[in-house]
Amino acid sequence: MSDGCCKKFAYQAVLNEELARIAALRKNRGITEKVSADNLAGIAISGGGIRSAAFSLGVLQALVKRDVLKWIDYLSTVSGGGYTGSSLTWFLHDKWEHNGAPVRYGVDKDNFPFGQSRVGARTDGIINSVLDFIRQHGNYMDPGKCLNAFSLIAVILRSIILGLMVYFPLIFAVIFALVKGKAFENVSAPAGAEWLAWMSAMNLPVLCAVLLFAIFVVFSLGYSVMTRLYKCLGKDKERATGIFDKPYMLRMAFQCLAGVILAFCVGLLLIGGLPLVKAKIAAWAAGGSTALGALGAVVKFIIDQKQKEKGEGVLGKLLVWGASFLLIYGLLLLAYVFADAAECWLWPVSTVILSLTTGLLVNLNYVSLHRVYRDRLMETFLPDIANVRSGQWGPATGANAGKLKDMCGPGSAGPYHIINTNIVLIDSLNAKFRGRGGDNFILSSLFCGSDATGWFSTAEFSKGEMTIASAMAVSGAAVNPHTGVAGAGPTRNRLLSFLMTMMNLRLGYWASNPAKSKKTRTPNYFCPGLNGLLGTGFKEDGRFIELSDGGHFDNTGLYELIRRKVKVIIMVDGSADLNCTFADLGNMIGRARVDFGTDIRFEEDLHKLLPGTAGGDAFNEKLNLSARGYAVGSVEYPDGTEGKIYYINTVLTPGLPVDIYSFKSANKTFPDQSTTDQFFDETQFEAYRELGYRLALNMVDESKSLIEHLKRENAGTD
């Protein structure tokens, strides 16, 4: 650790601090058994946007009703699951004033913040009113008043305009310099050099591309001859010195250099072809149609990414590449049109000054979509008590200043909350992190960090200024360049990521790397913005690190609980899984095996979650009901210890209230509606909440061993 860096903690130190905090939290819940790494219980809540938030809220209500939640030590959340998880943590962290009297929320039936049962408050009572407030504001991105659909569109347009204002002038200035430097004019062949006459039809970029390709050809021929020389010169002697001693290294160097030469050739040919394209096509029409058509395709594939259509096939991948290329080339063509029409240097100089001024002064986290997303989530799930009491939307001034380091304090009664995000590591020297596109990065009250970076005190990370609202929003940053569900998907495409960065269409969050400095630097369009634009520098030792949706690594929330060898786990899966592939669970099971040597098995129960397994009567068959909404599995850790996992999924089963079946009849994709729908009304929110409540009740009532396991593990007995 160099001077000026935050102190890096080993994982064991992180665990020891957490166990000490969990002991205090247990005591506040009336559980006095000694805490150890061998007797932990946890809940994992998956991603899935507002759908997962509503579903998991119902699950938590059921667990409180059956006195289960008080036995839970860890709450691990991802993305949409973090909406409800962060809301619970927020309301448990302090005393709240109501009519001059303090109110202390807990995890018991009498003062649970989400209601004593399932109903909200209809009187002036404060204990049950949080549920009503959240339920009535499930349409969190459009809360009403002046913050409506137009304001949301305005923010998106602002992000696009600011991004183009910063980056497009730089492209324009480069093209202008080429135009005024006569780089696009035909090259004159020297007198008497008839063999060069054919080059006179080329402009400078094309000529450079041709010459580079000629170098590539000569280089290739030379390399082929060298392969023979290696054998001849090295046949009868020990190769101790000289270039011929390193054929393997030279071969690697050729491959790298050849790729660079070819990339430059393609780029120069594209630039050199701009005058031809302009001459053959009406440039404005071409640029406009290209941009609109390609942008439409890009938006489509972003939506596909949100729905986790990871198997888009070769055609889908080609469409992403093609649409992205057309839009980029359309912007390049537009820059050439402007540069060709400009008469003096005033235009490029003035626009570059505007670019530099804007790009250097802004805080990239504040002008991107991250901030508006964070604020709307905060106002719904972390509201001020005055707003809860009145039932009216309003600014969440308390949560806006509520520091993450102050959550889950020794005076709280809730479980210790781990908010999971993904650190983008597409350039990591570690092949595992690079291939996955990142690593699981936690944000919690005691520590922030990952296996890739190490762990740091939350009081030092970002100078302790990280709020619970920001952590919740970062964990749900689903649309972001260079990322994808479980590290895959169209937004891992470099060209598409280039466009998303240029237009600032990102929900991710840039943070100063605590491993490099204690100082909190302001991210701007050039540092680290250019890293995002070019797709470089995403390393664990970079000056900045970018954090995105935890689902870009693990969408279940299980990963950190498995790392901690938690013995009893309740896993709430509210993700969209219309075809019942269990993709998120499967991804996590594989990573648990690879990273921790842990085996998670569902030998008998998982098939009962499949739609159509209920059978029995015409009603069940019509709605394609599942036999039950949960499965019980086993966890075998590498040290030989074992645990239990209780897995709840969004499926419809027999015995549910009629209003849930009615909602299903009117909404065919329920309960797996698209994650792109973040505008829930009361009916939709209630359908998911009640479904979670009923399935969790059934699980606890039918799995008699659950509470026994929880009590046994908390007591630390065999």
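The two residues A477 and H552 make their nearest non-hydrogen contact at O-CE1, 3.3 Å. The nearest pair of heavy atoms linking G574 to S52 is O-CB, 3.8 Å. Residues T380 and P383 share a closest heavy-atom pair of O-CD, 3.6 Å. Residues L691 and P671 approach most closely at CD2-CB, 3.7 Å, considering heavy atoms. The nearest pair of heavy atoms linking A486 to R591 is O-NH2, 3.3 Å. Here the shortest heavy-atom pairing between P113 and L88 reads CG-CD1, 3.9 Å.
Residue pairs meeting the salt bridge (Lys or Arg N to Asp or Glu O under 4.0 Å) criterion with at least one member in residues 647-660: none, sequence neighbours excluded. Applying the salt bridge (Lys or Arg N to Asp or Glu O under 4.0 Å) definition to pairs two or more places apart or across chains, none involves residues 409-421. The ring-ring contact (aromatic ring centres under 6.0 Å, His included) analysis of residues 373-420, with sequence neighbours excluded, yields the pairs Y83-F381. Residue pairs meeting the side-chain hydrogen bond (donor to acceptor under 3.5 Å, both in side chains) criterion with at least one partner in residues 401-411, sequence neighbours excluded, are absent.
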Please lay out, stage by stage, how L585 and I600 fare under the test side chain to side chain contact (heavy atoms under 4.5 Å, CB included). CA-CA 10 Å; L585 181 63; I600 301 174; 5.6 Å; no
Between F91 and Y105, is the ring pair (Phe, Tyr, Trp, His ring centres under 6.0 Å) condition met? List the steps. CA-CA 7 Å; F91 283 108; Y105 286 117; 5.7 Å; yes
Would F456 and F447 count as a ring pair (Phe, Tyr, Trp, His ring centres under 6.0 Å) here? Give the steps. CA-CA 5 Å; F456 305 88; F447 294 97; 9.5 Å; no
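Between I648 and M571, every side-chain heavy-atom pair lies at or beyond the 4.5 Å cut-off. Within the 4.5 Å cutoff, the side chain of I645 has heavy atoms near those of the L558 side chain. Here the side chains of Y647 and L606 are in contact, with some heavy-atom distance below 4.5 Å. Looking at heavy atoms from C-beta onward, F133 lies out of side-chain contact with Q392 at the 4.5 angstrom threshold. With a 4.5 Å cut-off on side-chain heavy atoms, I43 and I569 do not count as touching.
With hydrogens and angles left out, the side-chain atoms of D554 and T556 include a donor and acceptor closer than 3.5 Å. With no hydrogens or angles considered, no side-chain donor-acceptor pair links D132 and Q136 at under 3.5 Å. A donor and an acceptor atom, one from each side chain of Y140 and Q678, are located under 3.5 Å apart. Under the 3.5 Å distance criterion, with hydrogens and angles disregarded, no donor-acceptor pair is assigned to the side chains of R51 and Q684. With hydrogens and angles left out, the side-chain atoms of D577 and S575 include no donor and acceptor closer than 3.5 Å. Side-chain contact of N400 with R374: a donor-acceptor pair under 3.5 Å is present, judged by distance alone. Under the 3.5 Å distance criterion, with hydrogens and angles disregarded, no donor-acceptor pair is assigned to the side chains of N555 and S46.
The residues K567 and E642 are annotated as not salt-bridged, no charged nitrogen and carboxylate oxygen being separated by less than 4.0 angstrom. Using a 4.0 Å cut-off between charged nitrogen and carboxylate oxygen, R21 and E17 do not count as a salt-bridge pair.
A cation-pi arrangement, defined by a distance under 6.0 Å to the six-membered ring centre and an angle within 45 degrees of its axis, is present between R564 and Y74.
Applying the salt bridge (Lys or Arg N to Asp or Glu O under 4.0 Å) rule to D73 yields the partners R26, R29; only residues at least two apart in sequence or on another chain are considered. Remark: S86 pairs with no residue by the side chain to side chain donor-acceptor pair (under 3.5 Å) rule, at least two apart or across chains. With sequence neighbours left out, V632 forms a side chain to side chain contact (heavy atoms under 4.5 Å, CB included) with D605, Y630, K644, Y646, S703. Residues satisfying the side chain to side chain contact (heavy atoms under 4.5 Å, CB included) test with S56, not counting sequence neighbours, are I45, T84, V572. Every residue two or more places apart in sequence or in another chain was checked for a salt bridge (Lys or Arg N to Asp or Glu O under 4.0 Å) with D108, and none qualifies. A search for salt bridge (Lys or Arg N to Asp or Glu O under 4.0 Å) contacts involving D67 returns K109, not counting sequence neighbours. Scored by the salt bridge (Lys or Arg N to Asp or Glu O under 4.0 Å) test, E702 finds no partners at all (sequence neighbours excluded). N420 meets the side chain to side chain donor-acceptor pair (under 3.5 Å) test with S76, N440; sequence neighbours excluded.
When ring centroids are compared, F602 and F582 stay outside the 6.0 Å threshold. For F670 and F663, the gap between ring centers is short of 6.0 Å.
Between the side chain of N667 and the backbone N or O of T669 there is no donor-acceptor pair closer than 3.5 Å.
Here the options are L75, V59, V107, the test is side chain to side chain contact (heavy atoms under 4.5 Å, CB included), and the partner is L69; only V107 passes.
Aromatic ring orientation, W90 versus H93: parallel (interplanar angle below 30°, classes split at 30° and 60°). F596 and Y559 have tilted rings, their planes meeting at an angle from 30° to 60° on a 0 to 90° scale.
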